[in-house]
> 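Got a structure for you, questions after.
Order of the sequence lines fixes the chain letters, A, B, ..., with proteins taken first and strands second; residue numbering starts at 1 for each chain.
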Protein chains: 2
Amino acid sequence: MTPSELQEGILHGNPAVQRRAMAKAITLLESTRADHRAQADTLLTGLLPHTGKAFRLGISGVPGVGKSTFIETLGLYLIALGHRVAVLAIDPSSTVSGGSILGDKTRMEHLSVHPQAYIRPSPSSGTLGGVAEKTREAMLVCEAAAYDVVIVETVGVGQSETAVNGMTDMFVLLQLPNAGDDLQAIKKGVMELADLVVINKADIDKNAATRAEAQITSSLRLLGMHGSPDHAAQGALWQPRVLQISALLGQGLEPFWQAVTQFRQMQTANGRLAARREKQSLSWMWERIDYGLKQAFRQHPQVQAMLPQTIEAVAQGRLPASTAARNLLSIQAHNAIP
Amino acid sequence: MTPSELQEGILHGNPAVQRRAMAKAITLLESTRADHRAQADTLLTGLLPHTGKAFRLGISGVPGVGKSTFIETLGLYLIALGHRVAVLAIDPSSTVSGGSILGDKTRMEHLSVHPQAYIRPSPSSGTLGGVAEKTREAMLVCEAAAYDVVIVETVGVGQSETAVNGMTDMFVLLQLPNAGDDLQAIKKGVMELADLVVINKADIDKNAATRAEAQITSSLRLLGMHGSPDHAAQGALWQPRVLQISALLGQGLEPFWQAVTQFRQMQTANGRLAARREKQSLSWMWERIDYGLKQAFRQHPQVQAMLPQTIEAVAQGRLPASTAARNLLSIQAHNAIP
């Protein structure tokens, strides 16, 4: 299929045609072949005017917190409200194993077969930045196909939370009602990304959940106190908050979605939603540029030839690190990249 | 003075000659002129075999924690023990203001005039990475001049703590006996860098200091629990700890220096000191390479010509960010940097 045939299928195809076109488009985006990449760029540029109308919801939490159950329950709840729901994933472990464990359709057995849902597992290879790029692009495909809620999930390991936060309108952190869990999230800088913290499995130990809620509320307040003021924002500002739910029992979904809706309204009214998306796009561009520059440098034949002995000399303390950097940079500066 | 004259002065000069050569060498290192930089690289490479014998102590803490008083008291204490002490600084605010507020000799009036001490203020311009590079290089000059304790200080704002941690053998975090202070340090990822946390001004409110000590000890334990195991290390491992001092009254210096000495012995015996320095050198090299690549890219004439309209198109949602990145990268890839 050509890019314009794919575009036509995604924008105007009947359900079966659209679903097939989406799958083919995302596979094209994930290809590393240069000709595929050129077609993918054509397709993306064509789809772009039809994107951006969905609400982009990022969800993160450590393994065992119950993300799949939460997303399945939430997805079915949203479909019942008339939404079309896409679920994407960023699985940092896939960058190591080459295999995708997240977004597996078997984990969401009811949602995955629902005609109003589209579930796509994490891209299964490359760096975290590369995987995130594919997911960002897949999100645009889903939006062009008129999915109006896009959920991007990740497990709470590595830097994947930052990647998810960098492509969504709202970042939700799922926590267990365990003491000390919030400290780990603070340590990793994830707590301060959270627009909403959801304590899942609150039904198991109500007292523990209430203690966790108080503790996290206090942490969020302390973290927010020293945050940098955002002078660009006008109107009412969202204050991160904490909710208790039980995804398994379906309890707490309504207050959760009310909070999300309120967040969206406030962020739209005060201009932060648009500002956040603009900032995300530009950060994404620079991140990919920086990555591309590093790649080109490391693949430069003369750099590759010089690198082993340079690293050895620096490691052994025979060559100052800054001198080594200047030497290597001067190679590339005086030679065109082939 | 030529690089070899400077080297001779630093290595073998009498006190007055050495001090003058050090100042001239560091000024040369801080110069942005290309010919100066080439001379500086020659000098550094010549000095390198005579460096690395000092203990490199990083000290950070928020404004008001009493860093200057602590360093002055500690410096005089160490000189009394027979050490020669150099004090360098990384002042992140200097990258904005172009003026150096840290390392000001007037803040350490006794230490600054002592013949066994060498105090140099923060380099006063450039990016944080650039300032850190100059400080790293100044450290090598001090070591070649046989200063056997090099203290690198920074205020606790921005990323300067990471820079200091990245060039020292031991990172000491000064804290006030205030509740919540440790949460800020955890949030910023500084607490987990700390090899030793020192609660200063413990004399003012002993109860508060004791509460803070208990709280920080508990935080350090929780942070350490989930730390990545270091399989390369052998022998006994250092566990971060907390001490109370009063720099103003000179109380607690002896236990502090005992802890530093014990840390140094353990890290030398288990191989971590050498491993840390090797890792620091290589990180430093890659950091400077990455920075140089970004600089060269941004200064490329065709990139500069294309950038404004590309940024606008990405910000307005007319061009996918990843496509924009690829477009800009292809300019540089097909044109030698002039």
Side-chain angles (χ1 to χ4, degrees), chain A residues 37 41 44-45 47-49 51-52 133 136-137 140 180 183-184 186-189 191-192 219 222-223 225-226 277-278 280-294 296-297 310-311 314-329 332-337, chain B residues 37 41 44-45 47-49 51-52 133 136-137 140 180 183-184 186-189 191-192 219 222-223 225-226 277-278 280-294 296-297 310-311 314-329 332-337:
Chain A
R37 194 60 250 181
D41 279 338
L44 277 179
T45 307
L47 292 178
L48 209 56
T51 65
E133 176 170 345
R136 284 167 187 267
E137 294 177 346
L140 298 178
L183 190 68
Q184 288 303 315
I186 294 170
K187 170 191 172 185
K188 290 174 14 187
M191 184 68 81
E192 62 184 305
S219 297
L222 279 160
L223 292 174
M225 264 167 45
H226 295 253
R277 286 187 173 185
E278 186 178 317
Q280 286 173 338
S281 293
L282 291 173
S283 304
W284 179 11
M285 181 186 86
W286 284 114
E287 192 191 303
R288 298 319 293 166
I289 287 174
D290 291 344
Y291 178 75
L293 292 173
K294 287 184 200 181
F297 178 80
T310 305
I311 287 176
V314 170
Q316 293 176 353
R318 287 183 284 113
L319 185 66
S322 49
T323 307
R326 278 186 287 274
N327 291 349
L328 288 168
L329 285 168
Q332 201 191 23
H334 296 105
N335 294 279
I337 303 161
Chain B
R37 194 60 250 180
D41 279 338
L44 277 180
T45 307
L47 292 179
L48 209 57
T51 65
E133 175 170 345
R136 285 168 186 268
E137 294 178 347
L140 298 178
L183 190 68
Q184 287 304 315
I186 295 170
K187 171 191 172 184
K188 290 174 16 188
M191 184 68 82
E192 61 184 305
S219 297
L222 279 160
L223 291 173
M225 265 167 46
H226 295 253
R277 286 186 174 186
E278 186 178 317
Q280 285 173 338
S281 293
L282 290 172
S283 304
W284 180 10
M285 181 186 87
W286 283 115
E287 192 191 303
R288 298 319 292 165
I289 287 174
D290 291 345
Y291 178 74
L293 292 173
K294 287 185 202 181
F297 178 80
T310 306
I311 287 176
V314 171
Q316 293 176 353
R318 286 183 285 114
L319 186 65
S322 48
T323 307
R326 278 185 288 274
N327 291 349
L328 288 168
L329 285 168
Q332 201 191 23
H334 296 105
N335 294 280
I337 302 161

> Working to the nearest 0.5 angstrom, can you tell me the gap between B:L293 CG and A:I289 CD1?
13.0 Å
> Tell me, for A:D290 versus chain B, whether the close heavy atoms (under 4.5 Å) come from the side chain, the backbone, both or neither.
side chain
> If you compare all heavy atoms of B:S281 against all heavy atoms of A:A321, which two are closest, and at what distance to 0.1 Å?
O-CB, 3.3 Å
> Identify the heavy atoms of B:R318 and A:T45 that sit nearest to each other, and give their distance.
O-CG2, 4.1 Å
> How close do B:P320 and A:L48 get, heavy atom to heavy atom, and via which atoms?
N-CD2, 3.4 Å
> Given that the side chain runs from C-beta out, which part of A:Q280 has a heavy atom under 4.5 Å from chain B: side chain, backbone, both or neither?
neither
> Got B:R136 and A:S322 here, is their nearest side-chain heavy-atom distance under 4.5 Å?
no
> Is A:R277 close to chain B through its backbone or its side chain, or both, or neither, when contacts mean heavy atoms under 4.5 Å?
neither
> Using non-hydrogen atoms only, which part of B:L328 is less than 4.5 Å away from chain A: side chain, backbone, both, or neither?
side chain
> Would you mind telling me which of A:K294, A:Q316, A:R288 has the largest number of heavy-atom pairs within less than 4.5 Å of chain B?
A:K294
> Out of B:G317, B:S283, B:G52, B:A324, return the one with the most heavy atom pairs under 4.5 angstrom to chain A.
B:G317
> With a 4.5 Å cut-off on side-chain heavy atoms, are A:M285 and B:I311 touching?
yes
> I'd like to verify something: which residue of B:R37, B:M191, B:E133 has the highest number of heavy-atom pairs under 4.5 Å with chain A?
B:R37
